[in-house]
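Letters A, B, ... are given to chains in the order of the sequence lines, protein chains preceding strands, and every chain is numbered from 1.
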Amino acid sequence: MVQTINNRSHHVGDLYEKQWGGDDPLADIIQRYSQQRQPIILRHELLRSDYVPHSLPHRTAQIRNVAGVLATVLRSVKPSNIFLYGKTGTGKTAVCRYVLNRLSSEVVDRGVNVRFVYVNCRLAGTEYRVLAELCLAAGVSVPFTGLSKGELFRRFQNACWRLGLSFVVCLDEVDVLVRDFGDDLLYELTRSSNEHCWISLIGISNDLMFKEQLDPRVLSSLSEEEVVFPPYTATEIADILLDRAAQALRPESIGDDVIRLVAALAASEHGDARRAIDLLRVAAEVAEREGAERIEEQHVRKAQSLIERGRVKEVVLSLPLHSRLVLLAIYSCARKGLETTSGTIYNVYREFCSSIGSEPLTDRRVSTLVSELDMLGIIATELVSYGRHGRTRKIKPTIPSSEITEIIAKDDTLSTLLS
DNA sequence: CCTCCACCGGAACTTACGGAGT
DNA sequence: ACTCCGTAAGTTCCGGTGGAGG
């Protein structure tokens, strides 16, 4: 049906042309709309978070550091293991992939028998799948389940020895792997090198505390070299955005002042460049949808609340039943103007529990649930003392209660509590 | 200055559950 | 089918505390 209409659309246009004698009342609207539909985003892929840019402003020092350590591969010598750390969105992954890309083309030109592998441990999920990635890179095809980890590792090593292959393996978000499965795999990898076939590791982590979970032997071997990635400042983020916008967006579609606004909003968080680029992309999409010529401040503001809403929704939807009940208790107390202290909230929470026929948790447990909600940023707590009347936490909602109720209302068991 | 409220938050323990190994 | 193990959620117990009111 749709197909038919599309196929004949221009004929229909001709028909109207005749019928209205060039005076089609929709013509100018359609035309104006299609004129305005000049896209703002010319190259979507450049604004995606997994894109590796050709230039990385304000990361030359880190690039030189990493490349300096890895450069020995060009002489077939095993580089030291490197550990990269810094908060999210500070360019660790981008720098690493950038250097790896560059070196791997050099290596191919020089005929050195080294391969570069990049694995994101969080996306891979298990030790088995990380090993499977390595096997794949060594040209060994392995079933995606069924073998033991030891067998996988043996096959990988056999392939390396047979082909005289060496590897530079980048384990991104390696902290996740260690948290979930321990450091056994890292230990195996760090000690499996010999004269001709070696494995160099690049560990990337945004959790600094992670180092404490490592076996001292693994730690000392993994962090032979360390490169720190400090958060970007607002002006640095602005540079990055300017650079990216120039390539991805139609020229003239965004002004410097708007870019600086995006940068300032993103930098006020943690200097996270990924967030900044997300914000830019969403703002551009908003502007496009509204048929605007340029991205203006209002589009950025809208984009920000859009992103924030998405985040809140995701968080609330992932909450288990009792956390939701606690959250609901907090927001309904706040709406009724009751004192939002732990005691009152716990009582309201108990009422909610009994009205949906669920056993309430203890006050101690609820106390940690409140702390967790605080950590997630959907409420804010403050320790206060009322002297003789004790000490408690004052709990404040941080997002409009309408948003919370809107999300909770979709839940059948909880919607009855909204009143 | 001392008391004592109403809760905070650490620690140890229990329970439930989903794999892994056999 | 069975045990074993690790983990997450939750409970019990309890020591700790800032400051209004005595």
#### Entry: Along DNA chain B, first and last positions that approach a heavy atom of chain A under 4.0 Å
B/dT3 to B/dG10

### Task
Kindly confirm or rule out a cation-pi arrangement of A/Arg59 over A/Tyr232, judged by NZ or CZ under 6.0 Å from the six-membered ring centre and within 45° of its axis?
yes

### Task
Starting from C1' on C/dG10, measure out to CG on A/Leu369 and report it in whole angstrom.
9 Å

### Query
Quick one: do A/Arg311 and A/Glu314 make a salt bridge, cutoff under 4.0 Å?
no

### Query
Quick one: do the A/Arg350 and A/Tyr346 side chains pair a donor with an acceptor below 3.5 Å?
yes

### Message
Is it true that A/Arg275 and A/Thr88 share a donor-acceptor pair across their side chains at a distance under 3.5 Å?
### Response
no

### Task
Give a yes or no answer on whether the side chain of A/Asn113 reaches the backbone of A/Gly164 with a donor-acceptor pair at less than 3.5 Å.
yes

### Query
Does atom CZ of A/Arg250 have more than 12 heavy-atom neighbours from other groups under 6.0 Å away?
yes

### Query
Would you find more than 12 non-hydrogen atoms of other residues, nucleotides or ligands less than 6.0 Å from A/Arg294 atom CZ?
yes

### Query
Parallel under 30°, tilted from 30 to 60°, perpendicular over 60°: which one fits the rings of A/Tyr85 and A/Phe83?
tilted

### Task
Mind running salt bridge (charged side-chain N to carboxylate O under 4.0 Å, His left out) on A/Arg129 and A/Glu133 for me, showing each step along the way?
CA-CA 6 Å; A/Arg129 271 183 269 173; A/Glu133 291 278 342; over 6 Å; no

### Message
Quick check on contacts: within residues 358-368 of chain A, what sits under 4.0 Å from DNA chain C by heavy-atom distance?
### Response
A/Leu361, A/Thr362, A/Arg364, A/Arg365

### pair A/Val286-A/Gln298: side-chain heavy atoms closer than 4.5 Å
no

### Message
Please give me every residue in residues 376-388 of chain A whose heavy atoms get under 4.0 Å of an atom in DNA chain B, ordered by residue number.
### Response
A/Leu383, A/Gly387, A/Arg388

